[in-house]
Amino acid sequence: MRQVVIIGAGPTGLTLAMLLAQRGIPVKLIEAATNFRRTFRGEALMPSGLEAIDQMGLADLVADIPHRALDAWEFIVENRLLFRVDEPIELGGKPCTLISQPAFLAAVLARASQYPNFEFIAGTAVRDLIWQDERVMGVTLSDNRSISADLVIGADGRNSIVRTKANLDLDREPQSYNILWFKLSSSPAFEAENIFYSVLSGSDAFGLFLGSEGQLQVGWSLPDGKDEPERAKDWQHLDWIEKLSAASPDWLAAAFRQQAASIERPFLLSVTVGRAPCWYVPGLLLLGDAAHPMSPIRAQGINMSLRDAIVATNHLVPLLQQSSVELAALDRVLPQIQAEREPEIVQIQQLQRDEIAQGELLRHYPLIRYGASRIVPKVPLLRNRIRQSWIDRQLQLRRGITRVSLVV
Ligand SMILES: Cc1cc2nc3c(=O)[nH]c(=O)nc-3n(C[C@H](O)[C@H](O)[C@H](O)COP(=O)(O)OP(=O)(O)OC[C@H]3O[C@@H](n4cnc5c(N)ncnc54)[C@H](O)[C@@H]3O)c2cc1C
């Protein structure tokens, strides 16, 4: 049978490897890191991602690992609550859920490892591709090993080396922001309900939630991302508890100060967003962030990754299960995978841009911010209209755009 080699054991690579291995396909999965506890991995899953997990038969794994459903979203502008929306937003739907990604990945790896046709090579990065007659036929690793493949899948994330080595372009969106990430201990103010807070004060903006593993997580957004690596040293020395408190209503400032001793040093997460115009060359396909790095806004990237894995499985398995499928037949199916996934990615990235634009409007125009914080909370009709328009925008971000069903 044909050998598939997948690069990157993030949500895209691991779930695809598990689905292929489960269907009898020989799969090697190569991961640069030695464990899944990298400094930061997103953990919010929307109903579209939760449904993908159900379809993959992994819902039982989630039940056994740290996870926490969100109870509500609250938007605080200039210390005043603009509006609140309870979860789940859709009647009878699933709530957005925070799932420990390291634990999830470890559990999927354990599931994939049950299959004798699955092999995991960890702690060794892919360094280059092996080409033969203008077709990719394998990869070389940082320890100089060569691994042959009939099909290589690049699932190595937003800075994909596979994409670069395959000479595939990435159309990057102009970067407008980066994120500083902090963790600190929780306090009773956050235990009764798990609320995702979006806080805006002057030009300061941050998101806050209680993560799946019980720590408070804060993402502080940094507009205009150009000089940040140089400025990162200065941030290490700022009194972040005071900076967060100054942008917060009194109850939240008190909670921050109470946990001051537990705050970890901020970690700069550079946000790359974009799309490769072409996701494949003969013998190789990009999926997940390698093909279309997603913005963190409204938690889309993992969901899109899981849906990519399902669509790729649907297309690849019927061919790979044939004992001697021609390589040309495999290559012909790669454009079909991009064609099926790309329309959803294009629209979701547009919806993410729209979300960012709303926040930037408030951030850049003090008059709009003032009106939003002083007038909207006092005029129920206006508040309900703004709240409803936010809910309407969320529905596609939660359900996804296209129908994705695992059919093989
Ligand atoms: C700040 C931030 C917050 C986010 N929050 C969320 C969220 O809450 N919910 C959500 O849905 N999405 C979120 N996202 C987006 C999400 O993290 C990504 O879209 C998602 O992780 C993409 O999955 P992936 O498997 O394609 O890539 P990754 O998760 O990036 O996995 C790629 C893997 O490839 C490995 N790798 C890289 N290079 C090599 C190499 N040369 N050889 C071998 N292995 C290699 C890496 O070690 C990694 O394990 C967030 C993104 C950011 C930046």
Side-chain angles (χ1 to χ4, degrees), residues 5-17 28-50 52-53 70 96-102 104-106 108-109 120-129 139-143 147 152-165 175 177-182 196 207 209 211-212 217-222 225 267-274 286-309 312 345 348-349 352 397-398 400:
V5 171
I6 300 177
I7 320 305
T12 311
L14 242 172
T15 54
L16 179 61
K28 290 183 184 167
L29 176 63
I30 303 171
E31 167 57 47
T34 47
N35 63 60
F36 296 123
R37 293 242 155 234
R38 75 178 183 200
T39 314
F40 174 79
R41 287 187 185 267
E43 56 174 39
L45 274 147
M46 288 294 179
S48 69
L50 297 169
I53 287 178
L70 271 190
C96 172
T97 302
L98 306 161
I99 296 176
S100 163
Q101 208 189 129
F104 176 70
L105 295 175
V108 180
L109 176 61
F120 185 46
I121 302 171
T124 319
V126 163
R127 203 183 49 195
D128 211 341
L129 302 175
V139 295
T140 52
L141 306 187
S142 52
D143 59 8
I147 310 276
V152 170
I153 310 272
D156 52 338
R158 55 190 192 269
N159 300 316
S160 171
I161 190 169
V162 174
R163 186 179 62 224
T164 309
K165 296 291 181 183
Q175 187 174 311
Y177 72 105
N178 278 325
I179 291 182
L180 277 184
W181 206 265
F182 313 78
F196 188 103
F209 62 94
S212 62
Q217 308 220 12
V218 179
W220 179 278
S221 115
L222 295 161
F267 177 79
L268 176 67
L269 290 163
S270 61
V271 175
T272 302
V273 182
L286 301 177
L287 289 175
D289 268 17
H292 49 75
M294 303 296 292
S295 158
I297 190 91
R298 298 286 170 264
Q300 293 297 309
I302 303 170
N303 305 267
M304 293 303 111
S305 295
L306 300 175
R307 290 160 72 84
D308 281 7
I345 300 297
I348 290 287
Q349 288 187 333
Q352 289 186 305
L397 286 164
R398 296 169 69 84

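Both ligands and their constituent atoms are indexed starting at 1 by order of listing. Sequence positions, counted from 1, serve as the residue numbers for this chain. Just the heavy atoms: all of them, side chains too, but no hydrogens, waters or symmetry mates, feed the values below.
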Near I161 (heavy-atom distance under 4.0 Å), the atoms of ligand 1 are 41 (N)
Look only at interatomic distance and state if E31 has a nitrogen or oxygen under 3.5 Å from any nitrogen or oxygen of ligand 1. yes
Would you tell me which option among A33, A32, G10, G219 has the nearest heavy-atom contact to atom 43 (C) of ligand 1? A32
Nearest non-hydrogen partners of R298 and Q300, listed with the distance: O-NE2, 2.8 Å
Applying side-chain contact (heavy atoms from CB on, under 4.5 Å) between M304 and each of I348, L287, D289, report the one that passes. I348
Is there a nitrogen or oxygen of P11 sitting under 3.5 Å from a nitrogen or oxygen of ligand 1? yes
Backbone or side chain, does any N or O of D289 fall under 3.5 Å from an N or O of ligand 1? yes
Under 4.0 Å from a heavy atom of A44: give me the atoms of ligand 1 that qualify, with their elements. 7 (C), 8 (O), 9 (N), 10 (C), 11 (O)
Within the 4.0 Å heavy-atom shell around I7, which atoms of ligand 1 are there? 42 (N), 43 (C)
Can you list the steps and then say if I53 with F104 is a side-chain contact (heavy atoms from CB on, under 4.5 Å)? CA-CA 11 Å; I53 287 178; F104 176 70; 3.9 Å; yes
Would you check, one step at a time, whether the test side-chain contact (heavy atoms from CB on, under 4.5 Å) holds for S270 with N178? CA-CA 5 Å; S270 61; N178 278 325; 3.8 Å; yes
Decide whether an N or O pair under 3.5 Å exists between I179 and ligand 1. no
Of the non-hydrogen atoms in G42 and I302, which two are nearest, and what is the gap between them? O-CD1, 3.2 Å
Show me which atoms of ligand 1 lie under 4.0 Å from any heavy atom of T12. 23 (O), 24 (P), 25 (O), 26 (O)
Side chain or backbone, does S305 bring an N or O within less than 3.5 Å of an N or O on ligand 1? yes
Which is it for R127 and ligand 1 at heavy atoms under 4.0 Å: side chain, backbone, both or neither? neither
Subset of ligand 1 atoms that lie under 4.0 Å from at least one heavy atom of I30: 43 (C), 44 (N)
Going by the atom numbers of ligand 1, which of them fall below 4.0 Å from some non-hydrogen atom of N303? 11 (O)
Do V152 and V126 have side chains that approach each other closer than 4.5 Å (heavy atoms only, starting at C-beta)? no
For L105 against A9, the heavy-atom pair lying closest together: CD1-O, 3.8 Å
Under 4.0 Å from a heavy atom of G288: give me the atoms of ligand 1 that qualify, with their elements. 26 (O)
What do the steps show when you test M46 against L397 for side-chain contact (heavy atoms from CB on, under 4.5 Å), and what is the final call? CA-CA 8 Å; M46 288 294 179; L397 286 164; 5.6 Å; no
Interfacing atoms of ligand 1 (cut-off 4.0 Å, heavy-atom, E43): 7 (C), 8 (O)
Measure the spacing between CG of D156 and OG1 of T12 and express it to the nearest 0.5 Å. 10.0 Å
Proximal candidate to atom 32 (C) of ligand 1 [heavy atom criterion; set G123, A155, G8]: A155
Output, in order, the C-alpha distance, side-chain angles, deciding distance and verdict of side-chain contact (heavy atoms from CB on, under 4.5 Å) for I121 and L141. CA-CA 10 Å; I121 302 171; L141 306 187; 4.3 Å; yes
